[in-house]
Amino acid sequence: MTSTLEHAAHTSAPEGGGLARRQNFLTAMIGGVVFAWLGWFLAHHFLDSSSRNFSDLVTTSLTIGWIFGFWLGIGALNGPGRWLIGADHTRADDLYYAGENQGRARYWKYCTDHKVVGVQYIVMTAVLLGAGGILAMAIRTELIVPGNHFVNQQVYNGFVAVHGMLMILALIVAVAGPWANFVVPIMCGARDMAFPRLNALSLWTLVGAAGLLLSVLAVGSLTMGWVVLAPIADQAGVGMDFFAMSIIVFTVSTTVAGVNTICTVMTMRTKGMTLARLPIFVWASVIAAALGLYAFPYFSLVEAQTLLDRNFNTSFFVAGGGGTGWLQANLFWLMGHPEVYVILLPAVGALFEIASVMSRKPVFSYRTAIAGMTGLAGLSILVWAHHMFTTGWAPTLGGPFMLTTELISIPTGLFFLVIIGTMWRGNVWMKLPTIWLFGFIFNFIIAGITGIYLSDIPIDNQLHGTMFVTAHFHYVFVGSVLFGAIAALAFWYPKVTGRFLDETMGRISFWLAFIGVQVTFLAMFVSGLRGMPRRYSSYSLIFEHTNFITTIGAYMIMAGMLVLLGAVVRSWSHGEPAGPNPWHANSLEWLVPTPPPLENFDVLPVITEDPYNYREELVRS
Amino acid sequence: MERSKAFGTALASILLGGGALALAGYALASATPHQGALMCQATTTGNCTLTISSFPDSLAGEHGKSGGAHPDWVSYSNDNLVAPANTTVTMTINQYDSGGALNNKAFFSRVWGTNGGTATISTPNAAGTSYTTATVSKVDGTNVGHTFTLRGIPGNGTPIFVSVPLPADPATNSVTVGDATYSSPVKVTFSFKTGTPGVYEWNCEFPCGGSREGQFGYAMSAYGYMSGTLTVK
Amino acid sequence: MAEMKNKENLKGMFATWVILTVVGVAIGIWGPARLMPRSMSDNMHLTILTMVVFTVAAAPVAAGVYAVTLHALRHWVHKGDNVPAPAAEQTRENATLTASWLIASTVLTVFLLIWGLGALAVDNGSAGRNPLVVDVTGQQWLWTFSYPGSNVQSPTLVLPEGRTVDFHITALDVTHGFWIANMGVQVDANVGTTTQIHTTPTALGQFDIRCTQFCGLNHAFMVTTGDVVTKAQFNSWLASQSQKA
């Protein structure tokens, strides 16, 4: 007797709408380019070319055309369009759009299956990290010796800005994108996300935004850091318009994804899956999503205001017209600080899971973990002006912001308590995920402590704007978040592919990256302490040794990442086969087959306990 | 995968990836505009001369006949200057552009850091037929075309700071300069001494470059127009 | 037997913690002054001292985490190729530990906060009765200084030792960052407004002023020098400069 699923499969033949069903990445690119040209043409034709805003208006029109055309081309507007005209999707359509029977082709399409979206996010993360990493190598190559021998200052400054933004985008999606999508619905006992079409929309919108951001380099780049402070943002060419639009578009992607995650977890848990029985990673994903929903609209707002200033001569940030650059800085950091915790929390959540499974013990103090993450998210809303201690904006607010910033170290410290408590007297299984977890612990201590230095205003007066700050946040983003993202990848890779990520290549990659991080960023701390400011295309001879060492370390990290890429690609087809539950864990994603079937469960499970009871039977299974 | 195969794949990844990156880097470095070097011409021992021009557009300098990507942007004729160490450099700038008021008149209308603290300015009459010459330590800050302001990074070579205002060109005749036509230039001559080798940066401090505030966008902020380097070897 | 073994093991962890703490404290005491620029002001002395205090306070925390981690790597790693059995202790909570951790981290944070607020108050103290006022102008890509009392302009910053200097800082085009690396003072130069910072130079010699807020093409070259000289030298310098103006 065939299951309902299989029965539906046999009767669903692609009917009608031939074009709609052939839409994929290629048609999206074509749509984007065609409508971008249309936007450019209309603006070019109808606007006054002597106006000082002309090139900005034409560019903004082009970018709006791009994203609309991209959405049209990928089929994002099909669902709402059909609903509007009364030809709503049938069950057969839904299964088609979920990628049923389409094999590999579905990864190129607007596919609503959360598992496909998860894999697409892995690819996007790799693309963004790769592009950002190439720029990082260019930056470090320029800085290997003083003087501008590799590229000139203008090109270098553009690299610095675009590297920053690409990496920020990459890290926002690095853990949440693949795993909040692939794993969280299954962990909840759901068949898919609450809004499957929105899920595909969030991924493809990210691709559209990435297209705009990558184009920045081709159209004259940026002349300021990724924070695009006013008033210097005004001096940039049309690259700034591309940048601003890419952020506005990206905010659509994260908003949609955040809403989806939260609704899924709140409403689609299976019977018996109370909030207290959810794996801790689900909590981390929800808290991060909620924080992102609060924070990212500020980013969209500030970039929209920048566009208005550039296109329509408003004066939000122009002092001569009554505005102030300080407004831009405040709005930006209102987003910018919570955003780093949106980046951190999913990685920490994944590491909690890994610590538990690989120590064969429950997560230590599940409640403290939740309290820590919630406290961190809540406090993070109140600390933003610590990025502005030296702007001269509000000296009297220095004390209060110092207070809130230093208080953040308390929930952050709780993360260490949970991880250490979980591993305490555990039976630690030293596989790839565990190794990257240990690397995270080592690096995150340095990241956290150096942050505390910077939270102290007298110290910040000395170290703000120096390479000390750069080294601090690279310990956070590279040493901690990236290590957590790779641990998560190694952990859930067998669920996606049915094979282990190669242990030996993974270890080579780890040691290159781990030693590389210490060499690169410890030397960078010294550069900063000795007085080297950041975003400098050239530097005084007194900094030449530390810069040389930093560049060598950076090359090591890149070597490690290349090996990791090689491992991911090679293991996909040649890795050691893994069963459906290779880590002998207890959360729902490990109890479904590998790869999980189209709607995850034949029969939705009923939950009676949390996933942290390790029993002998599990070992034998 | 067995260990040897794993090591082999790892090595291959590093070599292939690293090779691709190196190739991309090489292509990038080649494609990046680097202006050709203008060497200071040696005269007597310990002396050399350097002559450059400042133009009201980009048609006569290093951007080529058509003026490059931005033919209407003001430009200096050369951006990559080279001078020997421990030498007195006598610099002449032919200033072809019109002008206006400096934004930091008190400072930039003065001559800084030159030998004697002065510069010799030869101003043409309207027809370009005769020149009046004067040696001054400052100019009228309301009618300046550009400045030549040179500075270094402390710690890289002997400290040098030179700033010379270049008055606006009052002539209205026509002379041919390369592929372009301008009026007879104002000639500004001054000397300064180089010390130990290092790289110094110079730029114009008269902001005339678009953008709503500060006028430091466009030509002022782009490599190869209103700024350059002096490499002391 | 197993429990005795555990207690001995913990002694090893404790010893590692002590050793690593000593290393951290040594770095804290030796590091900042050696690595940071020569202190030439009262602000800088306090900043370096604060770095020492913070590092010494952080040392036992970092050492503790590292000691446990090293201990885990030595004693708790499962040996063998088989799947590890569930851990002997399946502890989910330990109220005493959690409470102690929370209290300890709060106490440490409050201590650092009180120190920081105190240092901040000292730095923000009044500039005194008769500070030397220096106007600082930042523009792409140069710092220029003027001494309004004497109508003097200068591309380098000359200061008398021992007299409090009050900087009034503005910018003409974009935001720049005014930073005297040897004196621990930094504040942005903004268009359309004036920011202020003050300090008292306490040592003679040369110092660097670097722009710390990205300001475009030649941001890396917006570096200039300054000199702290004796009061007599300063007065004669000022007099000679104002004759040239």
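Residue numbering restarts at 1 for every chain, and letters A, B, ... go by the order of the sequence lines.
- Using a 4.5 Å cut-off between heavy atoms, C:Thr212 touches chain A through backbone and side chain atoms alike.
- The two residues A:Ala233 and A:Val228 come nearest to each other via the heavy atoms CB-O, 3.8 Å.
- A donor-acceptor distance shorter than 3.5 angstrom exists from the side chain of C:His198 to the backbone of C:Gly125, with no hydrogens or angles considered.
- In this structure A:Asn586 satisfies the side-chain hydrogen bond (donor to acceptor under 3.5 Å, both in side chains) test with no other residue, sequence neighbours excluded.
- Here A:Tyr475 and A:Phe525 bring their ring centres to under 6.0 angstrom of each other.
- In the model, C:Gln206 has no side-chain atom that pairs as donor or acceptor with a side-chain atom of C:Thr225 under 3.5 Å.
- Per-residue heavy-atom pair counts under 4.5 Å with chain C were compared for A:Ile441, A:Val526, A:Leu414, and the maximum is reached by A:Leu414.
- Of the atoms belonging to C:Val68, it is side-chain heavy atoms, and not backbone ones, that fall under 4.5 Å from chain A.
- Between the side chains of A:Tyr539 and A:Ser527, no donor-acceptor pair of N or O atoms lies under 3.5 Å.
- In terms of non-hydrogen atom pairs under 4.5 Å with chain A, the most contact-rich of C:Ile169, C:Val61, C:Leu73 is C:Leu73.
- Among C:Ala85, C:Gly31, C:Gly184, C:Ala72, the residue making the largest number of heavy-atom pairs under 4.5 Å with chain A is C:Ala85.
- Using a 4.5 Å cut-off between heavy atoms, C:Gln90 contacts chain A through both its backbone and its side chain.
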Would you give me the side-chain donor-acceptor pairs under 3.5 Å for residues 111-118 of chain C, sequence neighbours excluded?
residue	atom	partner	partner atom	Å
C:Trp115	NE1	C:Thr50	OG1	3.1

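- Taking chain A as the reference chain and counting heavy-atom pairs below 4.5 Å, the highest number among C:Ile197, C:Leu108, C:Asn190, C:Asp123 is found for C:Asn190.
- With chain A as the partner, the residue from C:Ala181, C:Ala88, C:Ala95, C:Ala121 showing the most heavy-atom pairs under 4.5 Å is C:Ala181.
- The part of C:Tyr66 that comes within reach of chain A is its side chain, from C-beta onward, which places non-hydrogen atoms under 4.5 angstrom from that chain.
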Distance-only criterion, 3.5 Å: show the donor-acceptor pairs between side-chain atoms of residues 394-409 of chain A and protein atoms not counting sequence neighbours.
residue	atom	partner	partner atom	Å
A:Thr404	OG1	A:Leu382	O	3.1
A:Thr404	OG1	A:Pro400	O	3.4
A:Thr404	OG1	A:Phe401	O	3.1
A:Thr405	OG1	A:His386	ND1	3.0
A:Thr405	OG1	A:Phe401	O	2.6
A:Ser409	OG	A:Glu406	O	2.6
A:Ser409	OG	C:Thr109	OG1	3.3

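- Interface remark: of the candidates C:Ile180, C:Thr98, C:Thr193, C:Thr98 forms the most heavy-atom pairs closer than 4.5 Å to chain A.
- Side-chain polar atoms of C:Gln196 and C:Asp166 form a donor-acceptor pair below 3.5 angstrom.
- Put simply, of A:Trp393, A:Tyr156, A:Trp583, A:Tyr453, the one with the most heavy-atom pairs under 4.5 Å next to chain C is A:Tyr453.
- When each of A:Lys431, A:Met423, A:Gln462 is checked for heavy-atom pairs under 4.5 Å with chain C, A:Gln462 comes out on top.
- C:Trp143 pairs with exactly one of C:Trp179, C:Phe167, C:Phe178 by the ring pair (Phe, Tyr, Trp, His ring centres under 6.0 Å) rule, that one being C:Phe178.
- Residue C:Asp208 does not touch chain A at all, counting heavy-atom pairs closer than 4.5 Å.
- Considering A:Phe438, A:Trp429, A:Trp424 in turn, A:Trp424 is the only one that fulfils the ring pair (Phe, Tyr, Trp, His ring centres under 6.0 Å) rule with C:Trp76.
- For the options A:Leu417, A:Thr434, A:Asn613, heavy-atom pairs under 4.5 Å to chain C are most numerous at A:Leu417.
- Between chain C and the options A:Gly465, A:Ser365, A:Ala236, the largest number of non-hydrogen pairs under 4.5 Å is found for A:Ser365.
- A distance-only check finds a donor-acceptor pair linking the side chain of A:Asn157 to the backbone of A:Gln153 [under 3.5 Å].
- Crowding of A:Arg367 atom CZ: a count of heavy atoms from other residues, nucleotides or ligands under 6.0 Å not exceeding 12.
- With a threshold of 4.5 angstrom between heavy atoms, C:Val223 approaches chain A through side-chain atoms but not through N, CA, C or O.
- Within residues 41-48 of chain C, the residues approaching chain A closer than 4.5 Å by heavy atoms are, in numerical order, C:Met44, C:Thr47.
- Residue C:Thr194: no heavy atom, backbone or side chain, is found under 4.5 Å from chain A.
- Across C:Ser105, C:Ala87, C:Pro37, C:Pro84, the residue that shares the most heavy-atom pairs under 4.5 angstrom with chain A is C:Pro84.
- Options A:Trp326, A:Phe416, A:Phe389, A:Tyr366 differ in how many heavy-atom pairs under 4.5 Å they form with chain C, and the most are formed by A:Trp326.
- With no hydrogens or angles considered, no side-chain donor-acceptor pair links A:Ser356 and A:Thr422 at under 3.5 Å.
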